[in-house]
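The next block holds one structure in the form of structure tokens; read it before the comments.
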Amino acid sequence: MSTFLENQNWRYATKKFDATKKITDADIAFLKEAIRLSTSSYGLQPYRVFIVENPELRAKLVAASYGQAQVADASHLLVFANELNFGEAGIDQLATTICKTRELPLEAIQGYVDYMKGNITGLPEEVRNIWTAKQTYLALGNLLNAAAELHIDVTPMEGFIPAQVNEILGLDQLGLNATLLAPIGYRHEEDATQHYKKVRKSNEELFITL
């Protein structure tokens, strides 16, 4: 079995973190880079990721997360937030980055820029918001895989009240909306769920070859 699959079998949604154990700065940098390198539609990355260390904010976020203690006890808390009403400004920002990174004039990619704007800006705002929210899940996937490689635990969470998280972190003023919480750290030895056998569909139940 490959190391990747061994790590996937090792990881689980941690129910209780050891609050005394902290992730090193080097490992945080590794996880940040893994998130930064995540795939996204057109490479636009229409989201931001907040790393919440402040204990007072974390305590408020526990209340907005139905009392889930992992939000406060984990070494760090990541909050994924999608951009609302994404449009031309975000596309122009990517175009600028492409030109700078690849040392190209804007004219060289203008066709691609126009293509993106034609496909995105005409969509209803609600559809665009759903689309940008979905992009955060791609970034979460990279976080989960990278963390498992380091044997760092992650608890992906949808169980929270977005409006409250937005208010606590001031996301509304930034044109953002919280879509996912991801406490990261190290499992507590008292967390019995780490010993449960992983339950998944069989290959026959999951895969269909056409």
Side-chain angles (χ1 to χ4, degrees), residues 2 4-5 7-8 11 28-52 76-150 154 156-163 165-182 184 201 206-210:
S2 75
F4 178 83
L5 293 182
N7 290 335
Q8 293 302 304
R11 69 149 304 277
I28 287 293
F30 180 89
L31 296 179
K32 288 169 64 176
E33 185 66 359
I35 294 171
R36 191 182 72 86
L37 293 173
S38 297
T39 186
S40 66
S41 293
Y42 303 103
L44 285 164
Q45 297 176 287
Y47 50 80
R48 301 294 298 273
V49 183
F50 293 79
I51 302 175
V52 185
H76 295 68
L77 172 67
L78 274 60
V79 179
F80 292 80
N82 66 306
E83 293 187 30
L84 300 175
N85 197 23
F86 186 86
E88 291 195 6
I91 296 171
D92 287 337
Q93 182 178 22
L94 173 64
T96 298
T97 303
I98 292 174
C99 292
K100 180 179 179 181
T101 302
R102 298 177 178 172
E103 299 181 343
L104 294 170
L106 179 59
E107 293 76 14
I109 62 168
Q110 191 62 58
Y112 182 56
V113 172
D114 293 341
Y115 175 77
M116 286 190 286
K117 289 182 178 179
N119 284 344
I120 296 171
T121 59
L123 296 173
E125 181 177 342
E126 180 181 2
V127 174
R128 279 180 282 137
N129 289 344
I130 292 172
W131 167 67
T132 57
K134 288 180 178 180
Q135 302 304 303
T136 63
Y137 287 79
L138 298 174
L140 173 69
N142 256 32
L143 168 65
L144 291 171
N145 292 333
E149 184 172 323
L150 299 177
V154 184
M157 289 183 176
E158 292 181 309
F160 62 93
I161 304 169
V165 173
N166 292 343
E167 181 178 0
I168 292 167
L169 298 181
L171 302 186
D172 294 321
Q173 289 72 33
L174 300 174
L176 299 169
N177 173 65
T179 57
L180 294 164
L181 303 186
I184 60 175
K201 290 183 177 180
L206 184 60
F207 298 104
I208 300 173
T209 302
L210 301 176

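Keep in mind the model is a prediction, meaning the values are calculated, not measured.
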Considering all heavy atoms, the nearest Ala178-Val79 contact: CB-CG1, 4.1 Å
Step-by-step side-chain contact (heavy atoms from CB on, under 4.5 Å) determination, Leu44 to Thr132: CA-CA 9 Å; Leu44 285 164; Thr132 57; over 6 Å; no
Heavy-atom neighbours of Glu33 CD exceed 12 at 6.0 Å: yes
Cys99 and its side chain to side chain contact (heavy atoms under 4.5 Å, CB included) partner, picked from Val113, Leu94, Ile109: Ile109
Atom pair CD/CD1 of Glu103 and Ile98 - distance to nearest 0.5 Å: 14.0 Å
Check: Asn177/Asn166 side-chain N/O donor and acceptor closer than 3.5 Å: yes
Distance in Å, Leu176 CG paired with Thr136 OG1, rounded so as to fall on 0.5 Å steps: 11.5 Å
Glu167, CD atom: more than 12 neighbouring heavy atoms under 6.0 Å: no
Heavy-atom side-chain proximity of Phe50 to Leu174 below 4.5 angstrom: yes
Euclidean distance, Leu138 CG relative to Phe80 CZ, rounded to 0.5 Å: 10.5 Å
Greater than 12 external heavy atoms within 6.0 Å of Lys117's NZ: yes
Closest non-hydrogen atom pair, Tyr47 against Ile35: OH-O, 4.3 Å
Test: Arg128 and Glu125 ion pair at under 4.0 Å: no
Phe86 and Trp131 aromatic ring geometry - parallel, tilted or perpendicular at 30°/60° bounds: perpendicular
Value rounded to 0.5 Å, distance of CG in Asp114 from CE in Met116: 9.0 Å
Asn85 side-chain N/O to Asn129 backbone N/O, donor-acceptor pair under 3.5 Å: no
Donor-acceptor contact present, side-chain Gln135 to main-chain Ser41, <3.5 Å: yes
Approximate separation, where rounding is to 0.5 Å, of Asn145 CG and Leu31 CG: 11.5 Å
N/O donor-acceptor pair under 3.5 Å between Thr96 side chain and Asp92 backbone: yes
Heavy-atom closest contact (Arg11 atom, Pro156 atom, distance): NH2-CD, 4.4 Å
Asn7 to Ala148 - nearest heavy-atom pair and separation: CG-O, 3.5 Å
Under 3.5 Å side-chain donor-acceptor pair for Glu158 and Tyr137: yes
Atom OH of Tyr115 with >12 non-hydrogen neighbours under 6.0 angstrom: no
Which atom of Ala34 lies closest to which atom of Asn142, heavy atoms considered: O-ND2, 2.8 Å
For the student: nearest non-hydrogen atoms of Ser40 and Gln45, plus distance: OG-N, 3.0 Å
